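Report on the following structure.
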Amino acid sequence: MEIAKTYNSAQAEQTWYRYWLDNKFFKSTPDHRTPYTIVIPPPNVTGVLHMGHMLNNTIQDVLIRRARMLGFNACWVPGTDHASIATEAKVVALLKEQGINKSDLSREDFLKHAWGWKEKYGGIILEQLKKLGASCDWDRTRFTMEEDLSEAVIDVFIDLYKKGHIYRGVRMVNWDPQGLTAVSDEEVIHKEAQSKLVYVKYLIAGTEALEIPEYITIATTRPETIMGDTAVCVNPTDERYTLLKGKNVIVPIVNRVVPVIFDDYVDKEFGTGTLKVTPAHDINDFNLGQRHKLQTIDVLNPNGTISEAAGAYVGMDRFACRKQIIKDLEEKGLVSKIEEIKNKVGYSERTNAVIEPRLSMQWFLKMENVSKPALDNVLNGEIKLIPEKFINTYKHWMENVHDWCISRQLWWGQRIPAWYDGQGNTVICKTREEAIELLKTKNSSLNTDNIQQDEDVLDTWFSSWLWPITVFDPKVIRNGKANANEDLKYYYPTNDLVTAPEILFFWVARMAIAGYEWMGEKPFTNVYLTGIVRDKLGRKMSKSLGNSPDPLDLIEKYGADGVRVGMLLCSPAGNDLMFDESYCEQGRNFANKVWNAFRLIAGFEVASGALSGVEVQQSDAQKSAITWFENKLSEQLEIINDHYSKYRMSDALMATYKLVWDDFCAWYLEAIKPDFVDGKAQPIDKATYDATIGYLESLLKIMHPWMPFITEEIWHLLKERDAKDCIIVAEWPTIKSDLDKKQLAEFEVSKELVAMVRNVRAQKQLSPKEKLEVIEKSEATRSYFDNTIIKLANLSAFSYTKEKVEGAFSFQIKTTEFYIPLAMNLNKEDEIERLTKELEYNKGFLKSVQTKLSNEKFVANAKPEVIEVERKKESDALSKIKTLEEQLSVLN
RNA sequence: GGGAGAUUAGCUCAGCUGGUUCAGAGCAUCUGCCUUACAAGCAGAGGGUCACAGGUUCGAACCCUGUAUCUCCCACCA
């Protein structure tokens, strides 16, 4: 069989993903095994795969595949999130392109369009995940707005309302003028901005008295709200303004006469120490307005244009108005100066529009009523955050949590189950019929035609906080957890959650809250927080910057396995990842290395006496290499398992990488590889061959979570197997209990010796083909790896002597001396220089050790083991120095 | 404004309770090799005042204090 020289990833990826699906290897149903569960952080239904998803989902797939191999009933639940604002914005934009305005559509018609859009494009991202190799149980795919899950959201709302945790009221909320909805505090991103601080003169009404100035100056960054001013405020202790007591000022542009009020809130030091009060457009001003019983004038429309109430600039966009008003004020001579300042401006997380504080009627959840168990159980370690540094952040947020504004002025989402009779009565229930019944009890003269359901929908996160519960049993909220279905009982709580720290509050904290509220139990045990994928320059990857490679292009170029390895090579938990394509290249190179190791092994001709006519005996070199690698494999696997248990993914991967590349390919395979005789590779004995195949299989298993495709491909090329004998369901290798540490250490010395010989070749420019001789000065005569050394260093002989060998190149490993007799003459000066250098180093080292040992305090205070080690260092150094001095004396 | 974390080789990062020749790994670099598994490779080599300044200690990359720089989170200063 001819095997391609380089690995063809595309072919294998297609074949095996199909095969896994066909054989239902991703499928999970409750059984006698212990479950291992992950629920996917549902990507936006509108989304396309980006690098963040790649990282995230690769980690999940690695975890789930390894768990599957460890014998757990592994279940990875996929799905998508309806993402209210983002999706609705996208649909609105799309309709606009078709010349349709949302406002011209009825709620029902709009939703029809939205669903149509979802059906058409909603599955894209899940299809993309398949390309990555994600082994999700696709039969369990969920969508947060599907009927059952939506009903659960309503159940939850009603339940919380009954418990008294939900209220409705007019509050200052974060208004997104583009999404035309309120958003929660968490959905506002504060960014530093360069703003103009405009100093505006407000004329003082009635300035007959001479001592009163004509105007006061007020600094503002939002002059477009001037029309909404209903007072001017100064600090009562500010002596500059005491004369203004009882005075009024005239608001520019609209010439409204408003009072000067006094309140401690104003900072005397900031700006001019005066504050224009606009109760409709700033939370602080709103509070001032409440205290001083001020009028509230809302000068903005929901879409961010100036409203009728402003009385000027009506219909103009808020930012255009800002520019215009500055110009007009300047013309009127009312601007005393303009300062460039840096301040924080809030942006909508979903639409990136500048957020306006706006008064409106919204629904809220009292967070402090429900958040306690979610905090306690993270602090006591019941739920683990990885890395732990996020515990502090989590704690801080949970302890200062604000009420959650859960209503959104959108159509795409779960509609709030609140019903109004038009006469001030409200009831909370699922259906119109129930509402009628309930309202009748409150209103005897009820006209059912007037009954209206609340127009708003619930925040997306108000549905996704139920995700780990409802993906298994959406009905559990109404049925009660005692009546949970088999799936939920079996899979809940889930094991690991892999997500970005950005949504720690949005999602993780709230899932914890929901878990305790309705299941009385945590939703997951470990939360692995990934970093943000950034580019080489440390910038966040984003569409607008155009610095994000398309993951599918990467997969095409480097293979899914290569990309997976590339992503995880550089991503410790919680650290941002400075992504560079070269990592994928490294991943692909690794895949290719594995492929070629397989090619070598597949090409071995096995000597079975009858066929080849020769009986091939296993050599000593092969025998010792085999026992060594058995130990090495076990030793490294233990380390790898340990890394996994601590969620140190890149460390686990790197250990795997080195085990395969260095230990297996560079040392083991080189040691057992049959010699060439007359240009022809010799056959290999069966015992060595079988051992090698066995090791390769173990390594493939260990590599499988990282590189699912190539390992499955080789698994099947290696031998004929039953249809169900796939590596994806193979057993994770076990660790040898009686690790021979001594032998491992001995081989490390042998490796050093081999490297030393190679080094001599390089220095003396000797061909690797030229056989050399090595003589060890030693009392003993033979050690376990001698033949392996002969093979690896290409020696003619490896012998022992008790005497010094004159005229040979000599070197030391630890305290042992070795000689290589060379045909050529050694350059005496070079040798003297080399040996002198080494001698100097050792003398210096000895000195530092002896200083330490002669320090009474050290000997008195240090642990005995430590002192023992130092003494050993001293004696080793002494013997080394002695040897070096002897060598030098011969040369001189 | 408050808080958290970071700073170790050119790059990305390990370095656990201070002590093993402790200053490491991978990549990149340099040198030599197209050696019949692999040039997407092989062999070898070089490379760091552990951000800076003090302190504690017999001993500090690690503990303490301060400084600088960076990142993130939280917060209603016009």
Side-chain angles (χ1 to χ4, degrees), chain A residues 3 5-7 172 185 190 197 218-222 233 265-267 269-272 274-278 282-287 343-344 357 387 389-393 396-397 400 501-502 504-505 532 536 538 558 562 569-572 574-580 582-583 585-586 588-603 646 648 650-651 654-655 657-658 661 665-666 669-670 673 676 679-681 755 758-763 765 767-769 794 814 841-842 845 848-849 852 855-863 865-870 872-873 876-877:
Chain A
I3 304 168
K5 203 167 170 178
T6 47
Y7 166 62
M172 187 67 75
D185 292 346
H190 296 276
L197 185 61
I218 299 176
T220 177
T221 49
R222 295 165 67 208
C233 188
Y265 167 71
V266 178
D267 181 353
E269 308 301 318
F270 192 91
T272 58
T274 54
L275 177 73
K276 64 194 257 324
V277 184
T278 322
D282 184 280
I283 178 69
N284 301 303
D285 292 15
F286 177 72
N287 293 337
N343 65 345
K344 291 282 178 90
K389 67 175 177 186
F390 287 105
I391 295 173
N392 279 332
T393 320
H396 185 258
W397 186 79
N400 298 284
E502 298 165 291
L504 189 60
F505 309 134
I532 296 166
K536 229 176 157 176
Y558 300 104
L569 272 172
C570 54
S571 64
N575 274 25
D576 285 0
L577 175 157
M578 305 298 163
F579 181 79
D580 187 81
S582 63
Y583 287 113
E585 204 177 319
Q586 196 183 345
R588 178 205 56 186
N589 292 355
F590 182 46
N592 197 50
K593 182 74 188 176
V594 173
W595 182 252
N596 277 292
F598 157 68
R599 277 182 67 216
L600 172 69
I601 295 166
K646 293 176 178 135
R648 294 154 70 133
S650 23
D651 290 334
M654 187 43 73
Y657 180 95
K658 286 198 277 189
W661 199 310
C665 294
L669 287 180
E670 289 303 328
K673 199 157 96 175
F676 273 76
K680 203 177 160 297
R758 285 169 177 170
N759 191 352
V760 171
R761 281 185 207 277
Q763 269 178 38
Q765 293 183 307
S767 158
K769 286 177 184 165
N794 192 26
K814 300 251 189 291
Y841 171 82
N842 279 288
F845 179 73
S848 78
V849 173
K852 216 185 239 187
N855 183 332
E856 281 170 30
K857 285 182 176 168
F858 170 72
V859 182
N861 295 325
K863 283 183 281 187
E865 308 93 86
V866 176
I867 296 170
E868 196 46 49
V869 166
E870 293 301 318
K872 174 93 167 56
K873 283 191 208 168
D876 283 359

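Keep in mind that what you see is a predicted model, and the values were worked out from it rather than measured. Order of the sequence lines fixes the chain letters, A, B, ..., with proteins taken first and strands second; residue numbering starts at 1 for each chain.
Atoms NZ and SG, on A:Lys276 and A:Cys233 in that order, are 12.5 Å from each other to the nearest 0.5 Å. The structure places CZ of A:Arg599 at 5.0 Å from CG of A:Asn596, a figure rounded to the nearest 0.5 Å.
For B:rC52 and B:rC62, the P atoms lie 11 Å apart once the distance is rounded to whole Å. Taking atom C1' on both nucleotides, B:rC33 is separated from B:rA39 by 10 Å, rounded to a whole Å. The same atom, P, is picked in B:rA45 and in B:rC50; the two are 24 Å apart, to the nearest Å. A gap of 16 Å separates the P atoms of B:rC30 and B:rG46, to the nearest Å. Taking the C1' atom of each, B:rG41 and B:rC27 are spaced 16 Å apart, rounded to whole Å. B:rC74 and B:rU12 are spaced 29 Å apart, taking the C1' atom of each and rounding to whole Å. Rounded to a whole angstrom, the distance from the P atom of B:rG15 to that of B:rU57 is 28 Å. Using atom P as the reference point in both B:rC34 and B:rA40, the two lie 15 Å apart (nearest Å).
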Inset, instruction - Show the numbers, then the answer: is there a side chain to side chain contact (heavy atoms under 4.5 Å, CB included) between A:Leu197 and A:Asn343? - result: CA-CA 10 Å; A:Leu197 185 61; A:Asn343 65 345; over 6 Å; no
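Across all strands, A:Val866 comes closer than 4.0 Å to base atoms (heavy-atom distances). When heavy atoms are screened at a 4.0 angstrom cut-off, A:Tyr7 is found touching no nucleic acid atom at all. Residue-level contact check: A:Phe286 touches neither bases nor backbone, having no heavy atom under 4.0 Å from any strand. When heavy atoms are screened at a 4.0 angstrom cut-off, A:Phe579 is found touching no nucleic acid atom at all.
Scanning all heavy atoms of the two residues, the minimum distance from A:Ala666 to A:Glu670 falls at O-CG, 3.1 Å. Counting all heavy atoms, side chain and backbone alike, A:Ala597 lies closest to A:Leu669 at CB-CD1, 3.9 Å. Across A:Met172 and A:Phe286, no two heavy atoms sit closer than the pair CE-CB, 3.5 Å.
We find that CD of A:Gln586 is positioned 21 Å from P of B:rC38, with the value rounded to whole Å. Note: OH (A:Tyr657) to P (B:rC13) measures 17 Å, nearest angstrom. In this structure, the CD1 atom of A:Ile391 is 14 Å from the C1' atom of B:rG5, given to the nearest Å. Counting to the nearest Å, the P atom of B:rC13 and the CG atom of A:Asp580 are 12 Å from each other. Rounding to whole angstrom units, CG of residue A:Asp651 and P of B:rU12 are separated by 17 Å. A straight line from NZ of A:Lys658 to C1' of B:rC27 spans 12 Å, rounded to a whole angstrom. One interatomic measurement links the two molecules: CE of A:Met654 to P of B:rA25, which rounds to 12 Å at whole-angstrom precision. Atom NZ of A:Lys863 is separated from atom P of B:rG18 by 9 Å (rounded to the nearest Å).
For B:rC27, the OP1/OP2 oxygens have no side-chain nitrogen or oxygen of A:Arg588 closer than 4.0 Å. Residue A:Lys5 places at least one side-chain N or O closer than 4.0 Å to OP1 or OP2 of B:rA39. The phosphate of B:rC58 (OP1 or OP2) has a side-chain N or O of A:Asn861 nearer than 4.0 angstrom. OP1 or OP2 of B:rA37 sits under 4.0 Å from a side-chain N or O of A:Lys673.
By the neighbour-count criterion of 12 heavy atoms within 6.0 Å, atom CD of A:Gln765 is sparsely surrounded, having that number or fewer from other residues, nucleotides or ligands.
Looking at which nucleotide of RNA chain B each of A:Ala597 and A:Leu577 is closest to, the 5′-most match is held by A:Leu577.
For A:Arg648, counting side-chain heavy atoms from C-beta on, the closest listed nucleotide (B:rA25, B:rC58, B:rG15) is B:rG15. For A:Leu669, the listed nucleotide lying nearest its side chain is B:rA37; candidates were B:rU12, B:rA37, B:rG26. Nearest to the side-chain atoms of A:Asn392 among the listed nucleotides B:rG5, B:rU12, B:rG19 stands B:rG5.
Side chains of A:Arg222 and A:Asp282 form a contact here, defined as non-hydrogen atoms less than 4.5 Å apart. For the pair A:Gln763/A:Asn759, a side-chain contact is recorded, criterion being any heavy-atom separation below 4.5 Å from C-beta on. When side chains are defined from C-beta on, A:Phe390 counts as touching A:Pro501, because their heavy atoms get closer than 4.5 Å. Here the side chains of A:Leu275 and A:Tyr265 are in contact, with some heavy-atom distance below 4.5 Å. You'll find the side chain of A:Tyr7 stays beyond 4.5 Å of the side chain of A:Val594, heavy atoms only.
Ring orientation note: the planes of A:Tyr657 and A:Phe590 are tilted relative to one another, at an angle of 30° to 60°. Under the 30°/60° scheme for interplanar angles, the aromatic rings of A:Phe845 and A:Tyr841 are found to lie parallel.
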Legend entry - Base-pair map of RNA chain B as dot-bracket, where | denotes pairing with a different strand and pairs are Watson-Crick or G-U under 3.5 Å: (((((((..((((.....[....)))).(((((.......))))).....(((((..]....))))))))))))....
Inset, instruction - Summarise protein proximity over nucleotides 28-33 of chain B in one line of letters, 5' to 3': B for base, S for sugar-phosphate only, - for none, counting protein heavy atoms closer than 4.0 Å. - result: ------
Inset, instruction - Take nucleotides 72-78 of chain B nucleotide by nucleotide from the 5' end and write B, S or -, depending on whether a protein heavy atom sits under 4.0 Å from the base, only from the sugar-phosphate, or from neither. - result: SSSBBBB
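Checked against salt bridge (charged side-chain N to carboxylate O under 4.0 Å, His left out), A:Glu585 has no partners two or more places apart in sequence or in another chain. Evaluation of the salt bridge (charged side-chain N to carboxylate O under 4.0 Å, His left out) rule for A:Asp267 yields no partner, not counting sequence neighbours.
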Review item, nucleotides 42-47 of chain B N/O atoms under 3.5 Å of protein N/O:
from   : atom 1 : to       : atom 2 : distance (Å)
B:rC42 : OP1    : A:Lys593 : NZ     : 2.7
B:rC42 : OP1    : A:Trp661 : NE1    : 2.7

